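Step one of this worksheet: look at the structure below.
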2 protein chains.
Amino acid sequence: MTVLLHVIFEDFIMGRRLQAIAAEGVKVQRATLREVAVMAGVHPATASRALNEQTVSLVNAETAARIKKIAAEMGYSPNPIARSLKTSRSATIGLVIPDLTNPLFPPIVRGVEDVLRSVGYSAWIVNTDNRPDVEKAAVDSFRQRNVEGFVFATAHLKHPLLDELAAASTPMVLVNRRSASADIPSVTSDDAAGVAMAMQHLVELGHTKIVHLAGPQDLSTGVNRRRAFMSNLEDLHLPSEKGRSVICEEWSEEAGAKAMRALLDSGPEFTAVLAGNDLLALGVYDALSERGLRCPHDVSVVGFNDMPFMDKVSPPMTSVRIPQYDIGAEAARLLLEVLNDPDRHPRSLLLPLTLSVRSSTGPVPES
Amino acid sequence: MTVLLHVIFEDFIMGRRLQAIAAEGVKVQRATLREVAVMAGVHPATASRALNEQTVSLVNAETAARIKKIAAEMGYSPNPIARSLKTSRSATIGLVIPDLTNPLFPPIVRGVEDVLRSVGYSAWIVNTDNRPDVEKAAVDSFRQRNVEGFVFATAHLKHPLLDELAAASTPMVLVNRRSASADIPSVTSDDAAGVAMAMQHLVELGHTKIVHLAGPQDLSTGVNRRRAFMSNLEDLHLPSEKGRSVICEEWSEEAGAKAMRALLDSGPEFTAVLAGNDLLALGVYDALSERGLRCPHDVSVVGFNDMPFMDKVSPPMTSVRIPQYDIGAEAARLLLEVLNDPDRHPRSLLLPLTLSVRSSTGPVPES
DNA sequence: TTGAAAGCGCTAACAG
DNA sequence: CTGTTAGCGCTTTCAA
């Protein structure tokens, strides 16, 4: 009886489409679950159960096998929109970054993407240019689309939006930077260790008078690197007056050049510069050559991040290398962990980094 | 009567949620269209009409205003998933690129994203690493998610998948590269003009013996630049034996170095090199310095693309600058045009480029 | 183990 | 101008 009904249904309601689909390749349109069910002579609910890993055990093994076979033949794959509407899930996450044209971020994106893809997830990417309104709009839009979590590369130390999301226990992971409030899981490089390595390297070359160009102090990277610099100065018993660290308003070549000029004009004596990132270090190059100083002959320079092409600039730049790809990949893994087990205690990861030694650092000049 | 019904409905079915929403800020969850309709005392269909630009004219002006006001108060915004399920649209497009870590692509992505955002659209980005299987899977996944069109930065001259999509008249635009088959709309830079500019520049410096490192010949960029080089040689009455253009298997520094070594070992005489892109040109730098040759003193070098930091390498590289951001932006505009009017005849755009003259090119050496 | 029924939130005929 | 009805394609109680 039910079989008869199915046949009737098939003939009258779905006949043409099903025939077309059966005539392999003529996929008029994507097959639906209902059509698979009709072909298999079962109710759509049964087909649904058979086709989902979680529920296939509820279905008679042979029936399930038959349904799967037919689904495969018909090239069926579930409509993620319909599924998402029903389940409020989406197998997607939101990835919020400041600016893709900053070479820091593409490797992170790749890391996130690759790990997510391996489990059938994907990421929505958005660039915010650090504009809170854009970020807010993007997050809203993502939530409407049922993203299951977020990866933020935009964290500021004070970051109301992140606090809000954390309060609502939205699954998320911060990359590259951390936020002061709430213990939001994060994946960052071990900046303090990186600074120590860089300074160790300079000290081994004989440098004792070192200065630091610090990045913006509303970002964890800016603060952490500066703090590490100051405490390493003391630990190494090097001169550590306050003026040895200059704060730059932004991570830009121009800001670096400006700070360097100020140091040359009225700062303490120094033979080496540790820059908060590579762009600042490039600014140092500019300021040095303006003043007729040579690197590393007169001043050694160390950058941070080891962006692409830092081995090609002149002189090739010694820089602290950050494992960008791994940061992205680990962030994705952490987020997936949280999604799989919402009660899991949030972990944060501190990834090791290495020093790329090149020729912008050399022995301390003889005075 | 209908009002009474609404009240009853409100009280018994949706009471708690609506009260919570009314108590400003306590947004338990996003308001739905149905809830807005109840609050406004209208049918959901009416609310839907009032809230959509296309259909608001079908609704009494005052009623529409009231509905809009209430919707705003409730913080209503339509659920894109539900809308997409119903309409098969999504206000999204798929953006398919080979690899985001290639500095060529981020500006293109930004251009696409910015234009789309201005009209409420957004882009799904995927990296394919030039793997056809990944590309196919990504396109499938995009289609299931009802993307309304595609931007491809992965086009090969022979590209079955693109042909297939074109045959199904899928809205799409190619960027940066073109495909041989079908007249798929594209936005590219005017490579021939760029080559001409570069060669003109070299000729003005006195160079007559020029060679070319061509990129892969399965890509339109590789072919077009090479063709332009050959025909410019003839137009300028310069030596144009076949060996003056060497084909590299890939756009990489190593491939460039290899080709350059071959030219130095057994190629024709030359005083200038036009590289198919900047990476190849960097390879030229490497090969030259291996042989103790100086640039531009012994050999002038011109790159293509003017990637970030090409002004920082040593020597700063003269390169043909491509308007990446604009390419992305124009591609998005073209795609939106097609989406708004599917019958529109597909246009292709050829964007002008400029030459960034730096110190890797200089006067021809005195022999 | 399977089917029936309901509904996620929205829009689009069709009536009235 | 507005309400009724139906359904996009799927999952998930509940009942049998």
Side-chain angles (χ1 to χ4, degrees), chain A residues 1-6 9 13-14 17 29-38 40-67 71 74 76-91 143-146, chain B residues 1-6 9 13-14 17 29-38 40-67 71 74 76-91 143-146:
Chain A
M1 173 57 185
T2 56
V3 170
L4 179 59
L5 260 175
H6 280 127
F9 182 60
I13 313 287
M14 313 177 75
R17 280 207 57 194
Q29 249 189 328
R30 197 146 227 83
T32 72
L33 181 63
R34 227 167 71 122
E35 291 165 342
V36 172
V38 170
V42 295
H43 192 272
T46 306
S48 173
R49 293 187 191 104
L51 263 15
N52 278 299
E53 278 315 312
Q54 339 280 355
T55 45
V56 66
S57 56
L58 302 175
V59 176
N60 176 294
E62 285 170 30
T63 314
R66 180 163 44 90
I67 293 171
M74 296 174 74
Y76 170 78
S77 76
N79 179 324
I81 309 262
R83 176 178 277 175
S84 187
L85 182 59
K86 180 68 185 173
T87 64
S88 296
R89 285 178 284 107
S90 65
R143 307 205 74 175
Q144 287 181 18
R145 295 192 140 89
N146 287 341
Chain B
M1 174 58 188
T2 55
V3 170
L4 179 58
L5 261 176
H6 280 128
F9 182 60
I13 313 288
M14 312 176 74
R17 279 207 58 194
Q29 249 188 328
R30 196 145 228 87
T32 73
L33 182 64
R34 227 165 73 120
E35 292 166 341
V36 172
V38 169
V42 296
H43 192 273
T46 305
S48 173
R49 292 187 194 107
L51 263 17
N52 279 299
E53 277 315 313
Q54 339 280 357
T55 46
V56 66
S57 56
L58 303 174
V59 176
N60 176 292
E62 285 171 30
T63 314
R66 180 163 44 91
I67 293 171
M74 296 174 74
Y76 170 78
S77 76
N79 180 325
I81 308 263
R83 176 180 277 175
S84 187
L85 182 59
K86 178 67 186 173
T87 63
S88 296
R89 285 178 285 107
S90 64
R143 306 206 76 176
Q144 286 181 20
R145 296 191 139 89
N146 288 341

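This is a predicted model, so every value here is computed, not measured. Each chain gets a letter, A, B and so on, in the order its sequence line appears, and its residues count up from 1.
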For [X] and [N], give me the distance from atom [atom1] to atom [atom2], rounded to whole Å.
X      : N      : atom1 : atom2 : result
A:R66  : C:dT1  : CZ    : C1'   : 13 Å
B:L33  : C:dG7  : CG    : P     : 17 Å
B:R89  : C:dT11 : CZ    : P     : 9 Å
A:Y76  : D:dT11 : OH    : C1'   : 10 Å
B:L51  : D:dC1  : CG    : P     : 17 Å
A:L58  : D:dA15 : CG    : P     : 17 Å
B:H43  : D:dG3  : NE2   : C1'   : 5 Å
A:N146 : D:dT11 : CG    : C1'   : 14 Å

Which part of the nucleic acid, if any, lies within contact of A:S48, taking any heavy atom under 4.0 Å across all strands shown: a base, the sugar-phosphate backbone alone, or nothing?
-> base
When all nucleic acid strands are considered with a 4.0 Å heavy-atom cut-off, which category describes A:T63: base, sugar-phosphate, or nothing?
-> sugar-phosphate
[X] side chain near [Y] side chain, heavy-atom distance below 4.5 Å:
X     : Y     : result
B:I67 : B:T63 : yes
A:V42 : A:R49 : no
A:T55 : A:S48 : no

If only side-chain N and O atoms of A:T46 are considered, is one of them under 4.0 Å from the OP1 or OP2 phosphate oxygen of C:dG3?
-> yes
Establish, with yes or no, whether the OP1 or OP2 oxygen of D:dG9 is under 4.0 angstrom from a side-chain nitrogen or oxygen of A:R34.
-> no
Contact nearer the 5' end of DNA chain D, comparing B:T87 with B:A61 | B:A61
Mapping B:L85 and B:V59 to their closest nucleotides on DNA chain D, which lands nearer the 5' end?
-> B:V59
Without swapping roles, check the side chain of A:R30 against the backbone of B:Q144 for a donor-acceptor pair under 3.5 Å.
-> no
Counting distance only, does the side-chain N/O of A:N60 pair as donor-acceptor with the main-chain N or O of A:E62 below 3.5 Å?
-> yes
Residue met sooner reading DNA chain C from 5', once B:R49 and B:N79 are mapped to nucleotides = B:N79
